[in-house]
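Let me begin by presenting the structure, written as structure tokens, before commenting on it.
Below, each value reflects all heavy atoms present in this structure, side chains not excepted, and no hydrogens, waters or symmetry copies. All values derive from a computational prediction rather than experimental measurement.
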Protein chains: 2
Amino acid sequence: MALIAPDKENQIPDIVIGRLPVYLRALAYMHQQGKRTTSSSELGRRLGISSAQIRKDLSHFGEFGKQGTGYHVQHLVKELRLILKLDKIWPVAVIGAGFLGHALASYNGFEERGFQIRWIFDTDPTQIGKVINDIPIQSMNELEKTIELETIKIALLAVPAIHAQSVTDRLVDAGVEGILNYAPINLVVPDHVNVGYSDPVVQLQHMTYYINPNEKF
Amino acid sequence: MALIAPDKENQIPDIVIGRLPVYLRALAYMHQQGKRTTSSSELGRRLGISSAQIRKDLSHFGEFGKQGTGYHVQHLVKELRLILKLDKIWPVAVIGAGFLGHALASYNGFEERGFQIRWIFDTDPTQIGKVINDIPIQSMNELEKTIELETIKIALLAVPAIHAQSVTDRLVDAGVEGILNYAPINLVVPDHVNVGYSDPVVQLQHMTYYINPNEKF
DNA sequence: TGTTACCTGTGAAATATTTCACCATTCTAA
DNA sequence: TTAGAATGGTGAAATATTTCACAGGTAACA
Ligand SMILES: NC(=O)c1ccc[n+]([C@@H]2O[C@H](COP(=O)([O-])OP(=O)(O)OC[C@H]3O[C@@H](n4cnc5c(N)ncnc54)[C@H](O)[C@@H]3O)[C@@H](O)[C@H]2O)c1
Ligand SMILES: NC(=O)c1ccc[n+]([C@@H]2O[C@H](COP(=O)([O-])OP(=O)(O)OC[C@H]3O[C@@H](n4cnc5c(N)ncnc54)[C@H](O)[C@@H]3O)[C@@H](O)[C@H]2O)c1
């Protein structure tokens, strides 16, 4: 009798998961434009990736298309939302009510895509109690209590870099499992916590490698 | 005499280029903390990647370390800045002076990392002429003229999604070669133009795949 | 009805990326 | 001076990811 590895890694590659929200965004846009069906080649053209990749990616989750016809846009949107667990709205907390925290809390683009900002925390006493987009800024003293009571799983971290790690530790200890970090610093977190980074400078520095600053093009 | 491929692809992988700014950020932080030297294993531990990958990545550009000792932080910072063409400050334009455009224009974290926001454009007549962080908001009528005159190569795009593509076309035609797009839409650009995307929802949707919304963890 | 143009899903092949494993070098301290 | 621990650079091996290419299936229409 052969010995079988107990939990042979059979997971879907993370890089595939990372493309699904991009597909979803493009499909939702098509749907909004009134488009009924599309094909892997049309979608690929719009996104700048190959049609084979799109088909292969989707094939990890099932068969969503029809030969000769392509994909029914609305149906694929629905399937992708299910795969990404977007069938319920995720409540989200913003930490840091500075310029960026204000912009995030004022942004209306979250809700229709699966997220709602419901809490804002800050340490600054002059900020606490103010209201942004109907959400009152709360004291950081309330942080752990609120996260546990409301089962907050996702936070947007918009505090100065120097405080980002210590706030992260508090979030993780209280039960947060997904953090989108806007501070220009790498966070150290346990394995079960997902961290995303949003540092415009990192992206710009990636581009400058390819750009000649003088050349009139 | 053998026939040699005229321009045998010998480029450094883009995925390697993309990690350099992350290394740079961590190293600059170490330097600021007064750290003189580091090693690939220490850096890897902080960034959550393997030491071998860091060494291999850097080896594409030269030999920057010393066996037994590691890397001199300040020296490696300098080398990475050169590789990424950050020895001069890149002037940057912001398009769209809404909530996000304001946050970006007010942000002081660009300059020490190689960028300076020097122009802000908007269509809204009630915004034009206002000043953010010493930068007057200009009319979009000035866009092409200014880009060409000042040789602007990089723009941050913070306009509503519906206008993002048409503004992009204008930027590209005028000579911009790097665009960091905050609108939740994919842009179509010619090959020589670099586009980065910053859509928090895409990143959150990536995370939710891995998170159980109820589980008290 | 036959023909043609399109399309998906997928195993296999081709590429790309990461990791391994080791030599040479450097530093520390006995 | 020597032994031992730490470290970088790097070919080769191991993995991961993308692309190819084709067997069906669908639709439109002459
Ligand atoms: N403004 C931007 O466009 C922008 C762009 C990229 C990155 N960032 C980064 O995002 C973060 C916030 O930027 P900002 O421009 O809003 O800065 P900001 O200084 O305007 O706001 C920071 C806020 O965090 C609060 N804060 C400080 N310590 C805290 C703590 N321990 N717990 C909770 N709140 C705390 C402060 O009271 C303040 O309200 C920074 O790390 C910055 O580098 C900002
Ligand atoms: N606010 C956020 O935190 C946030 C987060 C993620 C993404 N975004 C995205 O960033 C973009 C801007 O967001 P915002 O919250 O600042 O929106 P906003 O409505 O506050 O600002 C948009 C600004 O763009 C200007 N504008 C409109 N059409 C223009 C054109 N053709 N040329 C130049 N300017 C034009 C408007 O006058 C307005 O000032 C949107 O695409 C939004 O989806 C915003």
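- Between A:Tyr107 and A:Phe110, the ring planes are perpendicular. Angles over 60° get that label, and only those under 30° would be called parallel.
- Taking a 4.0 Å limit (strictly below) on heavy-atom distances, residues 42-57 of chain A reaches DNA chain C at A:Arg55, A:Lys56.
- Residues that satisfy the side-chain hydrogen bond (donor to acceptor under 3.5 Å, both in side chains) test with B:Gln74, not counting sequence neighbours, are absent from this structure.
- No donor-acceptor contact under 3.5 angstrom links the side chains of B:Thr146 and B:Glu150, judged on distance only.
- Note that the first and last nucleotides of DNA chain D, 5' to 3', having any atom under 4.0 angstrom from a heavy atom of chain B are D:dA6 to D:dA12.
- Note on B:Arg19 versus B:Asp14: no salt bridge recorded, every NZ/NE/NH1/NH2 to OD/OE distance being 4.0 Å or above.
- For the segment residues 14-26 of chain A, the set of residues with a heavy atom within less than 4.0 Å of an atom of DNA chain D comprises A:Ile15, A:Arg19, in numerical order.
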Taking distance alone, no hydrogens or angles, what donor-acceptor pairs closer than 3.5 Å link side-chain atoms of residues 59-68 of chain B to residues at least two apart or in another chain?
residue: B:Ser59; atom: OG; partner: B:Lys56; partner atom: O; Å: 2.7
residue: B:His60; atom: ND1; partner: B:Lys56; partner atom: O; Å: 3.2
residue: B:His60; atom: ND1; partner: B:Asp57; partner atom: O; Å: 3.2

### Message
Strictly under 4.0 angstrom, non-hydrogen atoms only: write out the protein contact profile of nucleotides 25-30 of chain C, one letter per nucleotide from the 5' end, B, S or -.
### Response
BBS---
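- Annotation: B:Lys78, atom NZ; neighbour count of heavy atoms from other residues, nucleotides and ligands within 6.0 Å does not exceed 12.
- Checking each of A:Ser40, A:Ser41, A:Ser39 against A:Arg55 for a side chain to side chain donor-acceptor pair (under 3.5 Å) leaves exactly one that passes, namely A:Ser40.
- Here the rule is side-chain contact (heavy atoms from CB on, under 4.5 Å) with B:Ile95, and of B:Thr123, B:Val159, B:Ile179, B:Val176 only B:Val159 fits it.
- Side chains of B:Arg46 and A:Asn186: a donor-acceptor N/O pair is absent below 3.5 angstrom, by distance only.
- For A:Arg170, the CZ atom counts as densely surrounded, since its 6.0 Å shell holds more than 12 non-hydrogen atoms of other residues, nucleotides or ligands.
- In this model, the phosphate group of C:dG9 is approached by a side-chain N or O of A:Tyr71 to a distance below 4.0 Å at OP1 or OP2.
- Inspection of the A:Gln165 and A:Asp169 side chains reveals an N or O donor paired with an N or O acceptor under 3.5 Å.
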#### Entry: side-chain contact (heavy atoms from CB on, under 4.5 Å) evaluation trace for B:Leu156 with B:Asn181
CA-CA 6 Å; B:Leu156 307 182; B:Asn181 176 30; over 6 Å; no
